[in-house]
Structure formats: structure tokens, C-alpha cells
Amino acid sequence: MPSVRVSLANHTYDVTIERGLLARAGSALRALTPSKKIGIVTDDTVAPHFLAPLKSSLEAAGFAPLSAVVPAGESHKTLATIERILDPFLHARWERSSPIIALGGGVIGDMTGYAAASILRGVPFVQMPTTLLSMVDASVGGKTGVNHAAGKNLIGAFHQPIAVLADVETLKTLPRRDFVSGLAECIKHDVIRDADGFAALEKNIDRALALDLDFLAEFVAHNVSIKARVVEADPFERGERAHLNFGHTFGHGIERAADYRLPHGECVALGMVAAARAATTLGMLNPTERDRIVALIARAGLPIAGLSLSTDEILKAMASDKKVADAKLRFVLPDRIGHVVIRNDVPDSVVREAIESLR
Ligand SMILES: NC(=O)c1ccc[n+]([C@@H]2O[C@H](COP(=O)([O-])OP(=O)(O)OC[C@H]3O[C@@H](n4cnc5c(N)ncnc54)[C@H](O)[C@@H]3O)[C@@H](O)[C@H]2O)c1
Ligand SMILES: [Zn+2]
């Protein structure tokens with residue numbers, strides 16, 4: 001069974017990726033805590049599929065689970081929902097040592113982590129990601145939080161999970177568009193860190209798209225290990241963790257300009273295409289590798305063109321991204337597949353041309 005260790009200065013945890021892990025979650029967690037109380041936070045789309053089996057598994061291992069079910073969707077990733085999550089646990093006189101499980105996608109993971117960081121100033125939390133994006137990205141790294149009217153993810157805390165349990169079987173019920181959207185972050189991982197992984201995905205992308213679960217277990221583990229290595233090197237995002245923003249400077253601009261109506265992964269896909277093209281224009285990336293990046297994005301079923309938003313609106317949205325430290329836009333650009341550099345000197349004309357190429 002694939003498992004990836006995440007080792008941070010004062011905290012180490014394992015990400016276990018396995019078919020059927022949901023049914024074995026109770027015994028896996030029993031090995032980590034003597035607590036009788038255990039919390040589950042999930043949303044009303046995920047709950048009908050997986051809440052009952054998770055509860056039975058926990059009960060069989062001697063836990064007394066208490067659950068909070070909140071409405072699904074990014075629009076509910078707010079402080080108001082955090083209050084709804086906190087309520088049942090505080091009324092049940094939650095204890096410092098009793099863990100809370102996030103069962104769901106990145107929205108549930110981010111909110112549960114933030115709630116767990118707040119209850120009694122911090123209780124243990126466990127990620128049980130049920131989307132591809134949350135398995136390979138959101139559940140690893142300890143970033144938690146909610147959105148604010150002034151912008152996405154502006155409120156939050158770093159709070160690392162004590163364990164991540166990813167059951168790839170859960171991906172069977174995930175809507176196709178969400179699954180494909182998650183593939184964007186996977187392609188990103190190989191472009192920034194792993195040329196061999198990229199070549200392997202070129203060979204095996206059809207197995208991923210066919211939802212071959214044995215392949216997906218290995219594939220998720222591969223992606224988690226890339227994210228884990230980046231997070232280990234820079235847990236608080238002061239340096240190289242920014243490499244994970246490949247495709248995201250353009251991507252966030254598109255996402256904002258589209259008023260968040262397009263899935264994140266689709267915006268990142270377009271962003272990676274723009275970044276690869278800008279890198280080639282700047283003479284950093286050879287055209288053959290650029291074309292391989294664009295081709296793999298397309299084969300994954302992600303968009304590489306068709307953008308109808310105005311270039312000026314996207315540029316404006318890019319400039320207002322919170323990750324811009326000063327007036328200069330920072331781009332993560334590949335100089336070859338498997339390696340990126342951060343550039344804050346990309347000429348406006350190159351940025352513009354890269355966006356225009358997405359029409
Ligand atoms: N903390 C981090 O480092 C990090 C990294 C990347 C993204 N994120 C956050 O993650 C969020 C996006 O996560 P997401 O794409 O998983 O979205 P999501 O959590 O909204 O899930 C997408 C939809 O799929 C449903 N769903 C989840 N699992 C399912 C399953 N197995 N079967 C059927 N339906 C299922 C959900 O109810 C939801 O409607 C964003 O809020 C983003 O900010 C966080
Ligand atoms: Zn992303």
C-alpha cells in the first residue's frame with residue numbers, strides 16, 4: 001500500500017493511499033489516538049456516499065463519532081460555516097486530544113483544518129480527501145482557512161494533520177469535471193519537479209482517465225510525494241514553495257476575471273499553457289518541451305484555448321492577486337520539464353501575448 005511520509009521540523013505524519021481505506025479508517029486511527037471522541041466534518045454531497053461507512057468503521061474501533069454536515073461548495077467556505085462546524089463540538093465539551101476528521105474535498109479540508117486549529121486553540125485533525133485535487137494538493141501542507149468578501153483564502157492558519165487517509169475508491173463518485181480539474185495540479189507537479197514522472201504520465205494518462213484505481217493509487221502517491229518534498233523544504237511558503245504556483249499567476253487572474261465560474265483546475269491548465277508559452281518566448285524553454293506540456297494538458301481533457309475574457313480584465317485581476325508582494329508580477333516558469341525558476345522581470349508584452357494565445 002502506498003504511503004508517503006511528510007517530515008516537518010516538529011511534526012511528522014503519513015499520507016496513506018489505498019483502495020478501500022475508508023472501511024479501515026477506524027483501525028488506522030485507533031493506532032494514532034486513545035481518544036473515544038472523534039469528530040467528522042463533511043458536506044451534504046459527500047455525506048450520503050461516505051459518512052455512514054466511515055462512522056461504522058470508527059465505531060467498530062471503539063470511537064464515538066460526532067459529525068457536522070455543512071452545505072457543499074466553495075460559496076460556503078466562510079466564517080459563518082466555521083461557526084456551524086464549531087457548534088456541535090463545543091457543545092459536546094470537546095477535549096484537546098480528540099481528533100476531527102475532514103471527509104471531503106479541499107473546501108471541507110480547508111475549513112475543518114481551520115476549525116480544528118481554533119477549537120481549544122488546536123485539536124488534532126485528520127484529512128480524508130475524496131477529490132483528486134484534495135488528495136494530491138489540498139490535504140498535504142497544512143494550509144487551512146476560509147474565504148472573505150475581499151478575496152479567497154484570506155483568513156486562515158497553518159495547521160498540519162496528524163494523518164491523511166486517501167481512499168481512491170471514493171473517486172468513483174466524483175463528477176468527471178472535478179476529476180479532470182484535479183489532473184491540472186498533477187501535471188503541474190511533474191512540470192516543476194519530475195521529468196520522468198511527466199514522461200510516465202504521457203504514457204499512462206489514459207489509465208488515469210479510465211479511473212484505473214490501482215494506477216491512481218500509485219499516481220496519487222507520486223503526486224503527494226512531490227508536494228510533500230516541496231512543503232518539507234519550505235513549510236511556511238517563504239521560498240521554493242512558490243514553485244507550486246506554476247500556472248497560477250495567469251490561472252488566478254483568469255479565475256478572478258471569470259468571477260470564479262470556471263473550475264480552478266481549468267484556469268490553472270490555461271495558466272500553465274500561457275506560462276509555458278511565455279517561457280519559450282523568453283528563450284528559456286525549448287519549443288518541443290512547450291508543445292509536450294500543452295499536449296498533455298489537452299489529452300487530460302483540460303482546456304488549452306477558448307478563453308473569451310478580455311486580456312485587460314485578466315491583467316487587472318492578476319495584479320490584484322494577494323501573492324504579488326510588490327508591484328511586480330511573479331511568474332514561475334519552466335526552463336525544462338521538471339525544473340522551474342521564479343521570474344519577476346517578464347515584459348508586459350510577453351505576458352499579454354501569452355494571454356492572447358489562449359483565445
Ligand atoms: N490547503 C491547500 O493547500 C489547498 C490547495 C489547493 C486547493 N485548496 C482549496 O481546495 C478547494 C477546492 O477543492 P476541491 O476541488 O476538492 O473542491 P470541493 O471540496 O468543493 O469539492 C468539489 C465538489 O465535489 C463534491 N465531492 C467531493 N468528493 C466527492 C466524491 N468523492 N464524490 C462525489 N462528490 C464529491 C463536493 O461536495 C463538491 O461539491 C478550494 O477551496 C481551494 O482553495 C486548498
Ligand atoms: Zn491550484
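We count ligands from 1, going down the list as the structure has it; atoms in each ligand are counted the same way.
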Is any N or O atom of [X], backbone or side chain, closer than 3.5 Å to an N or O atom of ligand 1?
| X | answer |
| --- | --- |
| Thr130 | yes |
| Asn153 | yes |
| Gly106 | yes |
| Ser134 | no |

Please work out which of Thr173, Asp137, Val107 has its closest non-hydrogen atom nearest to atom 18 (P) of ligand 1.
Val107
Starting from [atom], locate the nearest protein heavy atom and write down its residue, its atom name and how far away it is, to 0.1 Å.
| atom | result |
| --- | --- |
| atom 25 (C) of ligand 1 | Thr45 CG2, 4.2 Å |
| atom 15 (O) of ligand 1 | Leu133 CD2, 3.5 Å |
| atom 22 (C) of ligand 1 | Asp178 OD1, 3.8 Å |

Close approach of Lys227 to ligand 1, heavy atoms, under 4.0 angstrom
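Yes.
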Side chains of Gln160 and Tyr13, donor plus acceptor under 3.5 Å
yes
Side-chain H-bond candidate by donor/acceptor type, His222 with Asp190, under 3.5 Å
yes
Does the ring center of His248 lie less than 6.0 Å from the ring center of His264?
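Yes, they do, as the ring centres are separated by less than 6.0 Å.
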Which angle, to the nearest 10 degrees, do you find at the Zn ion (ligand 2) between NE2 in His264 and OE2 in Glu185?
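Centred on the Zn ion (ligand 2), the NE2/OE2 angle is 90° (to 10°).
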